[in-house]
2 protein chains.
Amino acid sequence: MSTTDTTALPSRREQNKLATRQAIADAALAMLRSRGVGNFTVEDIAEEAGVSRRTFFNYFPSLEAALASVTEGFLDHALEQFRLRPSDEPILDSARAALMALADPMTVSPMAELFSLTHDNRALVRSELEAWDHCTTQIIDAARRRLGPDVNELYLRALAGSIISCGKAAMSVWFEQHGPDLSAESLASLRQHLIDAIGLLGSGFTAPAPQTPSAHSPQPAADPQYSA
Amino acid sequence: MSTTDTTALPSRREQNKLATRQAIADAALAMLRSRGVGNFTVEDIAEEAGVSRRTFFNYFPSLEAALASVTEGFLDHALEQFRLRPSDEPILDSARAALMALADPMTVSPMAELFSLTHDNRALVRSELEAWDHCTTQIIDAARRRLGPDVNELYLRALAGSIISCGKAAMSVWFEQHGPDLSAESLASLRQHLIDAIGLLGSGFTAPAPQTPSAHSPQPAADPQYSA
DNA sequence: GTGCAAAGTTGCACTTAGTGTAAATACGTG
DNA sequence: CACGTATTTACACTAAGTGCAACTTTGCAC
């Protein structure tokens, strides 16, 4: 029965693996919180997660990867939204919609915390970049499936890369302005940044950019003026 | 006398350091060539460079960083070009001009070799991403200096990130099509990719993208239609 | 040139990352 | 419950990365 279930309860074993993985990721974040970046080892995380050091490495290739799993989850969520969009929708509209799903308290919360705790760390930043890059290739794949295999490859990659860049830009500007504030107003601001950034992609980076974007502007790029 | 010289011969000590650094980077590339990715250690590189293991780590924080120095040099070259552009030039024109400097045999050659030798390696890819990301922040700084401190931060970061994404997209598509071919025709194709990609940024990703871009199109986006 | 201080290199010792392997344990199914 | 398989663990090992002190080279003043 479980195999025919579309919600696919993934068998006890799978569940356990997921739980272990999550426990490790949680432990990693807990150590980051309590000791600060660079002041704990894989062994510490493993102990905190109630698991052997070797098991840690069965789940994550490195300490940084365990922390970057937060970012991966965050981006996977957006990716899922993107894949759910109707395939005849202009692709930038889909991108905007997918990114909007990130401006949700439950979703950004871990991401915002990670941001605030890791502000500067080479190895960590590298793993973060890897997560964003992985998301880019996923977008490329999804968009290629949508637009057909004959779509211009340069267009595809430039578009996917730029979408991700705009998402990153919006996130970083937002975080710099609001820190870990997850209030409704703060999240509205994040949404606006995401809309504005995607808007730039739609209309081209031609405007010299307003001095200050006026965070209250009523979604200047929200109308589908840039249909594909 | 040397201190008054504008070409600034940077004192013997600096020269030596530069030479050592280069020797290490060269040795790393040599090892990559001869043994393939993952089949040599920092100690091997140090020996090849005629230097102690400890000294290697005085210059580079990791094996991957030594290899990524190739990418850094490549991107620094473009960055320098960007900074040399007149400050009243539309910024996308500057970006395009800077990227064009990369389509030069001497400049792309090491980059193309690195591309062909590292096709797949987590740690290496991470360091590459780091180099591109560093370049992005440099562009942000340069553009902020040019556009004034009051420019919209979101615009700035989205723009810089998208420029870099387009550069990456053009490079990757080019390399996939031409491999390590550095002939005049191949480089012309790279230039066209770079122009096309920046063109997308100028006009917005609104076109559904031509099925095939027709690599002979006479620089469709070369005219400064997108002046800031 | 001689001597001296600062910069750079090296060897050594040490902690931690990451991986292979085989034994032990937990799980799912009949 | 018992059996086969998936997962965890212990152990051993190589290599990364770092702190430190000794040593060598360089730049500079005399």
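In what follows, every chain begins at residue 1, and chains take the letters A, B, ... in the order their sequences are listed. Values below: every heavy atom of this structure, side chains too, minus hydrogens, waters and symmetry copies.
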(request) Using atom CG of B:N121 as one end and atom P of C:dG18 as the other, report the distance to the nearest whole Å. (result) 13 Å

(message) Taking salt bridge (charged side-chain N to carboxylate O under 4.0 Å, His left out) as the definition, give me every residue that meets it alongside B:D44, ordered by chain and number, with sequence neighbours left out.
(response) B:R35

(request) Working to the nearest 0.5 Å, report the span between CG of A:D133 and CD of A:Q138. (result) 10.5 Å

(request) For the pair A:T20 (side chain) and A:N16 (backbone), establish whether a donor and an acceptor sit closer than 3.5 Å, ignoring hydrogens and angles. (result) yes

(request) Measure from CD on A:E64 to P on D:dG17 and round the result to the nearest Å. (result) 10 Å

(request) State which residue, out of B:E130, B:E64, B:E128, fulfils the salt bridge (charged side-chain N to carboxylate O under 4.0 Å, His left out) condition with A:R126. (result) B:E130

(request) Return the value, rounded to whole Å, for the distance between atom CZ of A:R126 and atom C1' of D:dA16. (result) 12 Å

(request) Calculate the interatomic distance between B:R122 atom CZ and D:dA16 atom P; express it in whole Å. (result) 18 Å

(request) Starting at atom CD of A:E43, determine the distance to atom P of D:dT9, rounded to an integer number of angstrom. (result) 13 Å

(request) Using heavy atoms and a sub-4.0 Å distance, could you list which residues of residues 49-59 of chain A are near DNA chain C? By number, please. (result) A:R53, A:R54, A:F57

(message) If the cut-off is 4.0 Å, is A:K17 near the phosphate of D:dT7, judged by side-chain N/O to OP1 or OP2?
(response) yes

(message) Between B:S127 (side chain only) and B:L124 (backbone N and O only), is there a donor and an acceptor less than 3.5 Å apart?
(response) no

(request) Take the protein atom CZ of A:F60 and the nucleotide atom P of C:dA17, then report the distance between them rounded to whole Å. (result) 15 Å

(request) Sequence neighbours left out, what passes salt bridge (charged side-chain N to carboxylate O under 4.0 Å, His left out) with A:D141? Give chain and number order. (result) A:R144

(request) Rounded off to whole Å, could you give me the CZ-to-C1' distance for the B:F40 and D:dT14 pair? (result) 16 Å

(request) Please figure out whether B:N16 or B:T41 has its closest DNA chain D nucleotide nearer the 5' end. (result) B:T41

(request) Could you tell me the separation between the CG atom of B:L63 and the P atom of C:dA17, rounded to a whole number of Å? (result) 19 Å

